[in-house]
Amino acid sequence: MKALLPGATIGIIGGGQLARMMTFEARRMGYRVSVLSPDRHAPSVSLADHWVEGELDDVEAAQRLAELSDVVTVDTEHVPASMLARLEGLVLVRPSASVLRTVQDRRVQRSFLDEVRVAQPRWSPVHDLEELEAAASKVGFPCVLKRAHAGYDGKGQRIISEASQLAEAWDSIAGGPAIVEEFVRFDCEVSVLLARNPAGEVRFYPLAHNTHRNHVLRTTVAPAPVGGEVAQDGFELAATIANALDHIGMMAVEMYLVGGKTLLVNEIAPRPHNSGHYTFSACITSQFEQHVRAVSGLPLGDPSLPRPAAMVNLFGDLWEHGEPDWSQVLSQPEARLHLYDKADARPGRKMGHILVIDEDSERALATCEAVMARLEAAADEEHEA
Ligand code: AMP
């Protein structure tokens with residue numbers, strides 16, 4: 001099949017910051033973009049050529065998007081796979097409905113990882129309290145209970161330290177299907193980002209080192225300070241997954257590093273990922289351009305990272321006393337500000353990020369943290385004034 005060239009229209013289901021950055025890159029390259037979102041003020045809508053109003057599970061709206069588009073992609077894996085399967089009769093859909101079906105239910109995703117013999121935490125599916133009790137004694141304490149569907153960034157998750165907490169934990173995730181997995185005492189968390197196109201070409205970004213706060217990504221440093229063998233293992237694991245899924249597009253595989261050399265897969269995101277935001281400015285080809293290339297059937301771009309980079313997320317908490325004082329970021333020549341144009345700055349909501357590129361990755365992270373500290377101090381001063 002021929003590649004879609006500039007002038008073609010890329011349809012995106014979901015209008016968040018991932019769609020926004022995809023839209024920037026797609027439009028820079030001369031593609032047109034249509035976006036399905038319920039919200040006229042969603043981050044990508046003002047940048048797109050067409051806005052299709054509708055919820056992300058609205059089949060009729062998705063069909064309208066398909067009519068406007070040459071290929072349809074997603075900015076979240078929480079789009080019903082059955083809806084994507086229907087679109088596949090109308091338009092190219094990348095990633096496919098089958099990829100989404102595998103990753104959007106944690107039980108299916110973990111079974112798939114077992115099938116392709118990728119190392120992961122010990123786990124077990126659970127459907128009621130009795131099963132949870134049996135599963136927890138199998139995987140051991142502490143363990144983590146996770147809802148099977150629509151859980152991300154720590155939502156629908158509960159750490160269980162001992163048997164007496166099981167019933168309360170089960171109630172807290174509201175009962176539905178779930179998994180329980182061992183609590184991993186990792187050295188650090190890393191992610192492998194790769195792109196795969198319809199010809200099966202695969203390109204990797206350097207391993208990224210991620211830190212979380214309250215289960216949500218806060219910082220990324222790339223390249224991760226891990227040895228060449230660990231990085232190679234990470235690439236192989238991620239390629240095994242992407243090839244077995246016949247995935248097309250960007251993919252992030254989040255992993256735990258244990259005992260200095262073993263990688264266990266935490267989860268798969270079949271799309272651009274927060275831990276790859278640094279690629280937008282720091283790499284020759286950003287993850288967003290790479291996704292556009294992959295879903296358009298183009299050869300992939302050069303993912304190399306000429307100089308180390310660090311990223312820190314900006315959460316809505318920073319807006320508690322009004323708009324942050326951006327001069328604290330913009331006065332630092334090596335810092336780059338990315339804002340997602342979200343009007344409603346709720347605590348914990350991802351509003352933007354700061355990126356620093358430096359010869360030295362530790363110094364890049366230190367600069368990010370120093371800029372964050374200045375932003376927070378300025379917000380406190382504003383509040384006290
Ligand atoms: P998730 O939404 O499953 O990616 O979880 C978000 C974050 O919670 C992970 O990146 C880890 O920092 C932490 N976490 C989740 N599951 C586990 C686990 N089994 N062991 C240790 N930490 C975990």
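What you see below is based on every heavy atom in this structure, not just the backbone, and it leaves out hydrogens, waters and symmetry mates. Counting convention: from 1, in listed order, for ligands and their atoms alike.
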* Starting from the C-alpha separation in whole Å, work towards a yes-or-no answer on side chain to side chain contact (heavy atoms under 4.5 Å, CB included) for Leu193 and Gln290. => CA-CA 11 Å; Leu193 279 98; Gln290 203 74 294; over 6 Å; no
* Would Arg374 and Glu381 pass as an ion pair if we require N to O under 4.0 Å? -> no
* Backbone, side chain, both or neither: what part of Asn266 comes under 4.0 angstrom of ligand 1, heavy atoms only? -> side chain
* Could you list the atoms of ligand 1 found under 4.0 angstrom from a heavy atom of Lys146? => 3 (O), 15 (C), 16 (N)
* Heavy-atom proximity to atom 12 (O) of ligand 1, best of Gln157, Glu189, His215, His212 -> Glu189
* Asked: Considering only heavy atoms of Phe186, which atoms of ligand 1 have at least one such atom less than 4.0 Å away?
  -> 21 (C), 22 (N)
* Asked: In terms of atom number and element, which parts of ligand 1 are under 4.0 angstrom from non-hydrogen atoms of Glu182?
  -> 18 (C), 19 (N), 20 (N)
* Give a yes-or-no answer on whether the side chains of Thr367 and Glu334 include a donor-acceptor pair shorter than 3.5 Å. => no
* Judging by distance only, is a nitrogen or oxygen of Val144 under 3.5 angstrom from one on ligand 1? -> no
* To do: Provide the number and element of each atom of ligand 1 under 4.0 Å from a heavy atom of Glu181.
  => 16 (N), 17 (C), 18 (C), 19 (N)
* Take Asp39 and Ser37 through the test side chain to side chain donor-acceptor pair (under 3.5 Å) and record every step on the way to the result. => CA-CA 5 Å; Asp39 178 9; Ser37 166; 5.6 Å; no
* To do: Using the six-membered ring wherever Trp is involved, compare the ring planes of His277 and Phe288 and label them parallel, tilted or perpendicular (cut-offs 30° and 60°).
  => tilted
* Structure fact -> Honestly, for Arg106 the part within reach of ligand 1 (heavy atoms, under 4.0 Å) is side chain
* Heavy-atom side-chain contact between His149 and Pro177 under 4.5 Å -> yes
